[in-house]
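Input: a single structure, listed below in structure tokens.
So that the names make sense, note that chain A is the first sequence line, chain B the second, and so on, each numbered from 1. Just so it is clear, the values below take in all heavy atoms, side chains as well, and ignore hydrogens, waters and symmetry mates. The structure displayed is predicted, hence computed values, not measured ones.
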Amino acid sequence: MTALCALFIRDLRLAVRVGGGALIGVLFFLVVVTLMPFAIGPDLGLLARMGPAILWLGALLASLLALDRLLATDHEDGSLDLILTARVPLELAVAVKALAHWLTTGLPLVVSSPLLGLLLNLEAKASGAVALTLLAGTPALTFIGLIGAALTVALRRGGLLLAILVLPLTIPVLIFGVAASNAAIAGPVPFGAPFGILCALTLISLVIGPIAAAVALRQGLE
Amino acid sequence: MRLRGSDLTCVRGGREVFRGLAFTVEAGEALVVTGPNGAGKSSLLRMVAGLVRPQQGQLELEDGDPELSISEHVHYLGHQDALKPSLSVRENLGFWAALLGGGGEKSEVALAAVGLAGLAPLPAIYLSAGQRRRLAVARLMAVERPIWLLDEPTSTLDAAAQTILADLMRAHLAGRGLILVASHGPIGLDGVKELRLGQQQSKQRTQPP
Amino acid sequence: MSLIDLANPSRFLALTARALPWLAAATVLAFAIGITEVYFAPDDYQQGATVKIMFIHVPAAWLGVFAWIVMSAAALGTLVWRHPLADVAAKAAAPIGAAFTLMCLVTGSLWGRPMWGTYWVWDARLTSVLVLFLMYLGVIALWRTMDDPAQAARAAAVLTLVGAINIPIIKFSVDWWNTLHQPASVLRLGGSTIHPAILVPLIVMAVAFTLLFVTLHVAAMRNEIMRRRVRTLMMLQAGARMGP
Amino acid sequence: MNLGPHAAFIVTAYIAATAIVAGLIGWIVLDRRRLSRILDDFGAQGISRRSTRADADKW
């Protein structure tokens with residue numbers, strides 16, 4: 001337990017120190033969302049209708065952006081070798097790493113989403129709904145991304161491949177995340193149904209992500 | 001405690017690195033693995049650490065902790081120092097001590113032993129290559145593990161640090177520990193067994209079955 | 001006291017240690033006058049009392065641009081003369097400029113809420129300021145990602161100058177984009193003709209804000225010099241311990 | 001002073017501006033304290049830029 005705690009605290013520290021890049025994801029989110037109206041036009045009604053989709057896409061891309069740091073840096077400097085010799089199950093170790101990663105990259109996206117909702121002319125209720133669905137859905141993005149990060153860990157330029165591997169897997173999360181937000185704003189579907197499925201997707205990925213990542217890492221040993 | 005490998009074959013990237021390798025290391029013994037570049041010294045150490053899967057053959061540990069795998073018995077000191085430049089010297093060592101299962105006070109003792117006590121609050125980015133290596137060596141002291149796997153441990157270490165490392169190894173052997181060292185040069189220990197990797201392969205080639 | 005004397009970090013520290021209290025006092029005084037002027041300024045016949053927000057919104061926008069000009073000048077110093085004090089000036093200006101740009105955005109949206117009925121519209125000026133804010137964040141992120149300050153300074157200098165060339169282009173594009181889509185009903189912030197009774201407090205506030213910027217910038221530069229000394233000492237300490 | 005129907009927005013704008021400036025000042029002051037403490041620690045250890053190497057005098 002102390003071992004996992006140490007890993008958790010160390011990953012949090014690394015993320016907030018110089019070069020950690022914890023806030024790069026939020027910055028990317030901000031830029032992507034700001035770019036959208038330039039393409040769509042400043043029609044506030046249209047922006048408000050598309051708001052949840054824009055925010056979800058932005059959050060999806062932003063959380064993807066940071067994924068290649070999740071395991072690759074530990075692989076490059078030999079830390080991963082030592083983590084493998086620790087007396088903790090690899091599944092738990094990568095789960096803890098993913099959790100720390102979500103706290104430093106996913107959670108800031110959730111927190112900043114209401115602010116960006118303001119730019120897209122979302123009402124307070126709509127912003128709240130998007131933030132709630134992001135809170136429920138972004139852990140799934142991180143834990144699905146964990147699998148991709150484990151698969152591409154040994155590759156020199158794994159970042160792009162990682163995106164290609166992970167993006168199709170995130171489609172269900174995107175569908176139900178946006179659906180739940182829209183349901184809360186306009187209906188006609190009740191909010192509960194898609195939100196329940198979104199939560200279920202997150203729970204499933206919380207279980208499958210670490211297991212699959214551990215398998216991928218062990219298989220990748222040569 | 002006894003570590004035994006039998007009939008080990010290692011294939012990396014489609015190339016056979018070694019075949020039919022056998023060795024035994026007893027408690028209190030050190031085995032120096034030598035051989036030319038590419039003979040598989042690092043691969044053998046990584047195999048014992050559980051980081052490389054043997055294509056064939058077995059690794060067994062007698063009288064170890066039955067609850068733990070072999071790789072959970074080892075200290076692996078590879079080519080990389082596994083240090084994070086933005087963490088301080090103390091944070092780096094403290095993290096590995098906690099993760100690998102050691103106590104906090106021992107970390108301080110270990111830092112003092114490798115001559116880095118004065119640099120404890122310094123971020124590791126300021127360390128020279130030799131100092132980084134010393135910090136990696138401090139891990140061996142901070143956490144007690146019976147099997148040490150040292151891959152070229154003396155590279156980048158100065159004479160003084162090599163003496164410190166040799167003393168550490170002697171103390172470990174005296175405490176019934178096991179050591180496998182991959183090395184090109186002398187490691188400062190007397191009476192150690194040697195495993196020549198390149199030789200064995202050439203022997204097989206010169207005496208075909 | 002010539003510029004060369006100032007350019008030595010130790011001299012800079014000594015000189016600014018004496019100048020900083022005076023700068024701070026001047027800033028406080030300017031703000032005291034400015035706030036008084038603002039208090040007695042008449043309401044706008046069209047916008048009512050909300051025009052009072054303009055007295056912080058416009059100076060904040062001015063400083064957002066001014067800080068980038070300072071950074072660009074410093075960037076030239078970094079790239080052409082390789083002067084370390086220029087690196088320090090550029091790095092210290094970035095977060096302050098970003099903060100004033102943020103202030104401009106926040107006050108602008110608070111001003112816009114009664115006017116437009118919403119906190120944000122994609123008005124050409126506000127949108128340009130938002131893009132400027134994003135560029136500040138990019139520069140700050142670049143500074144934070146590189147460890148070697150000299151290397152980071154050169155990279156940030158290039159980015160700053162590219163930004164300085166690009167900002168007018170961005171401004172023009174955004175204006176064009178905005179007129180393309182602009183619904184006629186939206187009221188623009190700030191008119192072209194300003195009544196003198198409003199202009200005087202605005203100028204006083206702009207001076208006060210500029211003094212505030214200079215004070216904060218000098219203080220931040222001093223911190224930056226100290227941060228580099230700490231870095232140098234840490235490297236020396238690591239080097240001094242090579243032996244056992 | 002009568003701020004009219006939108007007094008809340010005006011007051012909020014001034015409070016926000018004050019908060020941002022206060023944040024800047026706080027950041028600079030705290031940063032300064034932290035850095036001078038570290039420099040003092042170095043001084044106490046007897047490590048200074050001049051004592052160790054001449055070319056370190058750049059800063």
Could you grab the distance from atom CG of A:Leu4 to atom CG of B:Leu99, nearest 0.5 Å is fine?
7.5 Å

Chain B contacts, top residue of A:Gly78, A:Ser79, A:Ala6, A:Cys5 (heavy-atom pairs, under 4.5 Å)
A:Ser79

Does any backbone or side-chain atom of B:His73 lie under 4.5 Å from a heavy atom of chain A? Answer side chain, backbone, both or neither.
backbone

Heavy-atom distances under 4.5 Å only: say whether A:Ile9 touches chain B with side chain, backbone, both or neither.
neither

If you compare all heavy atoms of A:Asp81 against all heavy atoms of B:Tyr76, which two are closest, and at what distance to 0.1 Å?
OD2-CE2, 4.0 Å

Between A:Asp74 and B:Lys84, does a salt bridge (charged side-chain N to carboxylate O under 4.0 Å, His left out) hold up when you go through it step by step?
CA-CA 9 Å; A:Asp74 273 349; B:Lys84 294 294 180 188; 2.8 Å; yes

For B:Asp81, is it the side chain, the backbone, both, or neither that has a heavy atom closer than 4.5 Å to a heavy atom of chain A?
backbone

Is it true that, when you exclude B:Gln58 itself, more than 12 heavy atoms of the residues, nucleotides or ligands shown sit nearer than 6.0 Å to its CD?
no

Considering residues at least two apart in sequence or located in another chain, which fulfil the salt bridge (Lys or Arg N to Asp or Glu O under 4.0 Å) criterion with A:Glu91?
A:Arg218

Looking at B:Met47, B:Glu72, B:Gln55, which makes the most heavy-atom pairs under 4.5 Å with chain A?
B:Glu72

Output a table of donor-acceptor pairs, distance under 3.5 Å, between side-chain atoms of residues 25-36 of chain B and any protein atom two or more places apart or on a different chain; print 'none' if there are none.
unit_1: B:Glu26; atom_1: OE1; unit_2: B:Arg2; atom_2: NE; d: 3.2
unit_1: B:Glu26; atom_1: OE2; unit_2: B:Arg2; atom_2: NE; d: 2.8
unit_1: B:Glu26; atom_1: OE2; unit_2: B:Arg2; atom_2: NH2; d: 3.2
unit_1: B:Glu29; atom_1: OE1; unit_2: B:Glu26; atom_2: N; d: 2.9
unit_1: B:Glu29; atom_1: OE1; unit_2: B:Lys193; atom_2: NZ; d: 3.4
unit_1: B:Thr34; atom_1: OG1; unit_2: B:Glu194; atom_2: OE2; d: 2.8

For the pair B:Trp96 and A:Ile83, evaluate side-chain contact (heavy atoms from CB on, under 4.5 Å) and give the outcome as yes or no after the intermediate values.
CA-CA 9 Å; B:Trp96 287 121; A:Ile83 291 173; 4.1 Å; yes

Most contacts with chain A, counted as non-hydrogen pairs under 4.5 angstrom, among B:Ile125, B:Ile70, B:Leu87
B:Leu87

What are the two closest non-hydrogen atoms of B:Leu83 and A:Asp77, and how far apart are they?
O-OD2, 3.6 Å

Heavy-atom closest contact (B:Leu68 atom, A:Arg87 atom, distance):
CD1-NE, 3.5 Å

If you take all heavy atoms of B:Leu100 and A:Leu82, which pair is closest and at what distance?
CD2-O, 3.7 Å

Main chain of B:Ser86, side chain of A:Arg17: is a donor-acceptor contact present, judged purely on distance under 3.5 Å?
yes

Checked B:Arg139, B:Glu91, B:His75 vs chain A; the most non-hydrogen pairs under 4.5 Å come from B:Glu91

More than 12 foreign heavy atoms under 6.0 Å from CG of A:Leu160: is that the case here?
no

So which atom in B:Ser71 and which in A:Leu84 form the shortest heavy-atom distance, rounded to 0.1 Å?
OG-O, 4.0 Å

Side chain of B:Gln80, backbone of A:Glu76: donor and acceptor closer than 3.5 Å?
yes

